[in-house]
**Student:** 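Mind having a look at this structure? Questions to follow.
Atoms within each ligand, like the ligands themselves, are counted from 1 in listed order. Note: hydrogens, waters and symmetry copies are ignored here, and every other heavy atom, side chains too, is used.
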Amino acid sequence: MPTATISDVLRQQNIGSTLEVKGWVRTFRSNRFIALNDGSCQGNVQCVVDFESFSEVLLKRVTTGASISVTGEVVASQGSGQAVEIMVKKLEVLGDCPTDSFPLQPKRHSLEFLREIAHLRMRTNTFGAVMRVRHTAAFAVHEFFNDQGFVYLHTPIITSSDAEGAGELFRVTTLPADGAPKTDSGETDFSKDFFEKPTNLTVSGQLEGELGAMGLGKIYTFGPTFRAENSNTTRHLSEFWMIEPEMAFHDLQDNMDLAEAFCKAIIQAVLDRCKEDLAFLDQRFTQEEQGKPQQQRSEQGLIEKLQFVVENPFVRCTYTEAIDILKNSKPNKKGQFKYPIEEWGADLQSEHERFLVEKHFKSPVILFDYPAKIKAFYMRLNEDGKTVRAMDVLFPGIGEMVGGSQREERHDVLVEKMKAVGIDPSHLDWYLDTRKYGTCVHSGFGLGFERMVQFVTGMGNIRDVIPFPRTPGNAEF
Ligand code: 4AD
Ligand code: MG
């Protein structure tokens, strides 16, 4: 007999059919009702045992966390909690679970505690829901780009370039930690290293993505990226997944349009396909919000928030307009910003971004035309000579969801920009070649996948939307 998923059993409500299900026991109550979950959906199937038909020894082994196989008939439920249940004819314990040491007892555990037992937390309602939503979002990413004729390009994980020029690199080396070979001037001799040059884990696939776009037209990447920044926040990971589309013949306007459509498509897919998990997460979100001071509470519920974002156009606002708004804002005048906004050119901190999105516009916002000084070298310089065609998409509760730009396509300007920030153009001659041979206007952006999963699940901490988070001081599992 083929094993049915609990999701199918609950959805199909095939009364009268006999089937087998396998899963992990959530609870076993009154020696009669087993709540069984197999991860296929939020709900448990209730398996009803007639204790007189089974040995006491066997039933004692049906403990929270044990894996079991159940065969029985689907019947209309007598109880009110569920439409159908399974009358158990055959019961087998596949894997015992000792009650005294199993850390996941059927009660509410804190997210902090669950992070310590991340190897088991996918058996909880919360992490089951988050991981299924994460899957749906990832699938929607591929669907969105595939439907629009983008090519999925696999850019390298190990690279010798620092795309963002921020220097937050994890070195990749096979040289011994002690006694690495030295050059005459006493520095590590990377010519003796595996790749015969210094290499690191990628911080972004963008530069290679641009090479793809300059031949294939429209590409996207979706892979892990690595940043050795010492940011212990609820929005930073040392290893996170990023989606980076890159499009030839697209200017900044086209780029903004695509970013907005992309964000909405992911959210819509989750709204359409994860109704049960979202209903659970929505409830959870509301409970969490109630624990916060009134002022910090979200005015909308989770599902309401997602619907609002898909139904309304994102606000578009230049950096210069944003600075004016911030300069004249109440928190700035009252000295409530940690970093007061004094003049044009200031880098925006997350407190500023959140003010704009959550208090001022009350909507996702696309900020564009930033000062060249605070953005990466590859962004297209505007005619004013001081701003670049950069864009950031800011989301309520999250801050920066997307960062991107139109790229500098003019060879001479790009070389000057590299020199100005201390990048040796000869190190990126392959990148410059695209500007030498048939250059064109092109654009792209990067979306931090975990930040999107955070938004759609309403989870407060980014460490709770990736199975095994890597953060400073933590690479468990
Ligand atoms: O703004 P970033 O640094 O942009 C780039 O890497 C560009 N090369 C993208 C491009 O134009 N192709 O990163 C892009 C996004 C951010 O907006 C944020 O959502 C996410 O990646 N991100 C992080 N997410 C989790 N943890 C971190 N440490 C992150 N750093 C950036
Ligand atoms: Mg950025």
**Student:** Step through it carefully: locate the ring centre of F262, locate the ring centre of F145, and say whether they are under 6.0 Å apart.
**Tutor:**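 Ring centroids of F262 and F145 are less than 6.0 Å from each other.
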**Student:** Among protein heavy atoms, which sits nearest to atom 16 (C) of ligand 1, and what does the distance come to when rounded to 0.1 Å?
**Tutor:** E400 OE2, 3.3 Å
**Student:** Of all the non-hydrogen atoms in the protein, which one sits nearest to atom 15 (C) of ligand 1, and at what distance?
**Tutor:**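 For atom 15 (C) of ligand 1, the nearest protein heavy atom comes out as G446 O, 3.7 Å.
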**Student:** Looking only at heavy atoms, what is the nearest atom pair of I303 and L271, with distance?
**Tutor:**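 Closest heavy-atom pair between I303 and L271: CG2-CD2, 4.0 Å.
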**Student:** Select one of side chain, backbone, both or neither to describe which atoms of F240 lie under 4.0 Å from any atom of ligand 1, heavy atoms only.
**Tutor:**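 For F240, the contact with ligand 1 is made by the side chain alone.
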**Student:** With a 4.0 Å heavy-atom cut-off (strictly under), which part of F449 contacts ligand 1: side chain, backbone, both or neither?
**Tutor:**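 Neither part.
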**Student:** Please find the pair of heavy atoms, one from Y378 and one from L414, that lie closest to each other, and give the distance.
**Tutor:** CA-CD1, 4.2 Å
**Student:** Does an N or O anywhere in S204 fall below 3.5 Å from an N or O of ligand 1?
**Tutor:** yes
**Student:** Which atoms from ligand 1 have a heavy atom of M242 less than 4.0 Å away?
**Tutor:**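 In order of numbering, the contacting atoms are 6 (O), 13 (O), 14 (C), 15 (C), 21 (O).
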**Student:** Check E288 with R108, please: is the shortest side-chain N to carboxylate O separation under 4.0 Å?
**Tutor:**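 Salt bridge: yes.
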**Student:** Hey, which of L447, V141, V453, I466 is the one that makes side chain to side chain contact (heavy atoms under 4.5 Å, CB included) with W241?
**Tutor:**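 That would be I466.
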**Student:** With backbone taken as N, CA, C and O and side chain as the heavy atoms from C-beta onward, which portion of R235 lies under 4.0 Å from ligand 1: side chain, backbone, both, or neither?
**Tutor:** backbone
**Student:** Determine whether the side chain, the backbone, both or neither of M401 has a heavy atom under 4.0 Å from any heavy atom of ligand 1.
**Tutor:** backbone
**Student:** Would you say M247 and F150 make side-chain contact, with heavy atoms under 4.5 Å?
**Tutor:**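 A side-chain contact exists here, since the closest heavy-atom pair is under 4.5 Å.
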**Student:** What heavy-atom pair brings I325 and F361 nearest, and what distance separates the two atoms?
**Tutor:** CD1-CZ, 3.7 Å
**Student:** When you measure from the side chain of R235 to the backbone of R451, do you find a donor-acceptor pair of N or O atoms at a distance under 3.5 Å?
**Tutor:**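 Pair absent, no side-chain N/O of R235 close to backbone of R451.
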**Student:** Could you tell me whether D251 and R389 make a salt bridge, using a distance below 4.0 angstrom between a side-chain N and a carboxylate O?
**Tutor:** no
**Student:** Starting from atom 4 (O) of ligand 1, what is the nearest protein heavy atom, named by residue and atom, and what distance separates them?
**Tutor:**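 Nearest neighbour among protein heavy atoms for atom 4 (O) of ligand 1, to 0.1 Å: E164 OE1, 3.9 Å.
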**Student:** On a heavy-atom basis, which atom in L10 and which in C41 lie closest, and how many Å separate them?
**Tutor:** CD1-SG, 4.2 Å
**Student:** In the protein, what heavy atom is nearest to atom 11 (O) of ligand 1, and what distance, to one decimal place, separates them?
**Tutor:** R407 NH2, 3.0 Å
**Student:** Judged by atom type as modelled, is there a donor-acceptor pair below 3.5 Å linking the side chain of D392 to the main-chain atoms of L367?
**Tutor:**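 Absent.
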**Student:** Measure across P472 and E229 and return the closest heavy-atom pair with its distance rounded to 0.1 Å.
**Tutor:** CG-O, 4.0 Å
**Student:** Could you tell me, atom by atom, which parts of ligand 1 come under 4.0 Å of a heavy atom of Y378?
**Tutor:** 7 (C), 8 (N)
**Student:** Is G448 close to ligand 1, meaning an N/O of one under 3.5 Å from an N/O of the other?
**Tutor:**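 In this structure, G448 places an N or O atom under 3.5 Å from an N or O of ligand 1.
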**Student:** Nearest heavy-atom pair of L432 and V415: which atoms, and what distance?
**Tutor:** CD2-CG2, 3.9 Å
**Student:** From the options Q206, E246, R227, E168, select the one whose nearest heavy atom is closest to atom 2 (P) of ligand 1.
**Tutor:**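 That would be R227.
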**Student:** Just distances here: any N/O of E244 and N/O of ligand 1 closer than 3.5 Å?
**Tutor:**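 Yes: some nitrogen or oxygen of E244 is under 3.5 Å from one in ligand 1.
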**Student:** Should you measure from each heavy atom of G404, which atoms of ligand 1 turn up under 4.0 Å away?
**Tutor:**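 So the answer, numbered in order with elements, is 11 (O).
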**Student:** Counting non-hydrogen protein atoms only, what is the nearest one to atom 18 (C) of ligand 1? Give residue, atom name and distance.
**Tutor:** R451 NH1, 3.5 Å
**Student:** Any idea which atoms of ligand 1 are less than 4.0 Å away from a heavy-atom of G403?
**Tutor:**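 Numbered from 1, ligand 1 contributes 9 (C), 10 (C), 11 (O), 17 (O).
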**Student:** Once the angle between the rings of Y370 and Y319 is folded into 0 to 90°, is it parallel (under 30°), tilted (30 to 60°) or perpendicular (over 60°)?
**Tutor:**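 Y370 and Y319: tilted rings.
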**Student:** Testing T199, D193, N200 one by one against T173 for a side-chain hydrogen bond (donor to acceptor under 3.5 Å, both in side chains), which residue passes?
**Tutor:** D193
**Student:** Ignoring waters, how many protein N/O/S atoms are under 2.8 Å from the Mg ion (ligand 2)?
**Tutor:**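 Atoms of protein N, O or S type lying less than 2.8 Å from the Mg ion (ligand 2) total 1.
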**Student:** Going by heavy-atom distance to atom 26 (N) of ligand 1, choose the closest among L237, V402, V393, T471.
**Tutor:** L237
